[in-house]
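Heavy atoms only: backbone and side chains are in, while hydrogens, waters and symmetry mates are out.
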Amino acid sequence: MTTEFTPLAAALGGLLIGLASVLLMALHGRIAGMTGIVGGIVPPLAPDWPWRASFLAGSVLAPFLMLAGGIDIPFDVPVSTTALIVGGVIVGFGATVGSGCTSGHGVCGIARLSPRSIVATLIFMASTFATVYVVRHVLGGI
């Protein structure tokens, strides 16, 4: 498995995620953790579900709007649909148990100097390093 090194695209994406998080906090006093946002639109609905649904809709629809505007989004998923579903379930379980996902802890929690988020992000990163090592060097790549 090879991956592309795209520092400009990665920096631009990180900048936009950070900007969206800061604007949501500054303008609405809300944290841009996707787990918490999605949790508020799953029944029973949170009282402030409209902004959550709007934020989620924007996150999902933005790539389609870019495609409709003629902007190509290169995207390649080198794993099976089954692996994606299993991975999604594991991530969802982990985000529920860990009281947040990588965006919530990594982007928003660290920015607020939350000790819990700093520890969670360090655990996310260590787990990722271990997973990549095992997949690439023990299993020989999948």
Side-chain angles (χ1 to χ4, degrees), residues 1-43 45-46 48-142:
M1 174 188 329
T2 60
T3 57
E4 293 182 30
F5 180 63
T6 56
L8 184 59
L12 182 61
L15 181 68
L16 290 173
I17 290 171
L19 181 63
S21 298
V22 167
L23 288 175
L24 187 63
M25 176 62 80
L27 298 177
H28 299 286
R30 307 290 184 185
I31 296 173
M34 291 304 281
T35 305
I37 292 171
V38 171
I41 61 171
V42 175
L45 294 175
D48 58 352
W49 70 268
W51 80 264
R52 295 170 187 267
S54 299
F55 191 90
L56 184 61
S59 299
V60 172
L61 295 177
F64 294 105
L65 292 175
M66 291 177 65
L67 288 173
I71 299 172
D72 184 36
I73 303 173
F75 188 73
D76 182 33
V77 180
V79 296
S80 68
T81 302
T82 302
L84 283 175
I85 292 170
V86 171
V89 169
I90 292 171
V91 168
F93 178 74
T96 301
V97 172
S99 298
C101 57
T102 51
S103 63
H105 284 299
V107 176
C108 304
I110 288 180
R112 295 182 305 125
L113 301 177
S114 164
R116 181 178 74 170
S117 291
I118 293 170
V119 170
T121 302
L122 290 173
I123 292 172
F124 293 151
M125 294 178 71
S127 300
T128 302
F129 296 155
T131 301
V132 169
Y133 180 82
V134 168
V135 168
R136 287 193 175 183
H137 301 290
V138 176
L139 300 177
I142 295 178

Residues passing the ring-ring contact (aromatic ring centres under 6.0 Å, His included) test with Phe124, sequence neighbours excluded, are none
How long is the gap from [atom1] on [X] to [atom2] on [Y], to the nearest 0.5 Å?
{"X": "Leu23", "Y": "Leu16", "atom1": "CG", "atom2": "CG", "answer": "10.5 Å"}
{"X": "Asp48", "Y": "Ile37", "atom1": "CG", "atom2": "CD1", "answer": "10.0 Å"}
{"X": "Arg30", "Y": "Cys108", "atom1": "CZ", "atom2": "SG", "answer": "13.5 Å"}

Taking all non-hydrogen atoms of both residues, which atom of Arg52 and which atom of Gly36 are closest, and how far apart? NH1-O, 2.6 Å
Closest non-hydrogen atom pair between Gly40 and Trp49, with its separation: O-CB, 3.7 Å
Within the structure provided, determine whether [X] and [Y] are in side-chain contact (heavy-atom separation under 4.5 Å).
{"X": "Met34", "Y": "Leu56", "value": "yes"}
{"X": "Ser114", "Y": "Ile118", "value": "no"}
{"X": "Arg112", "Y": "Ile31", "value": "yes"}
{"X": "Val22", "Y": "Met25", "value": "no"}
{"X": "Val107", "Y": "Ile17", "value": "yes"}

Anything under 3.5 Å between a donor and an acceptor, one on a side chain of residues 69-95, the other on a protein residue two or more places apart or in another chain? List them.
from	atom 1	to	atom 2	distance (Å)
Ser80	OG	Ala83	N	3.1

Return yes if some donor-acceptor pair links the side-chain N/O of Arg136 with the main-chain N/O of Thr131 below 3.5 Å, else return no. no
Is His105 reaching over with its side chain to a backbone N or O of Gly98, donor-acceptor style, under 3.5 angstrom? yes
Please list every donor-acceptor pair under 3.5 Å in which a side-chain atom of residues 5-15 meets a protein atom from a residue at least two apart or in another chain.
none

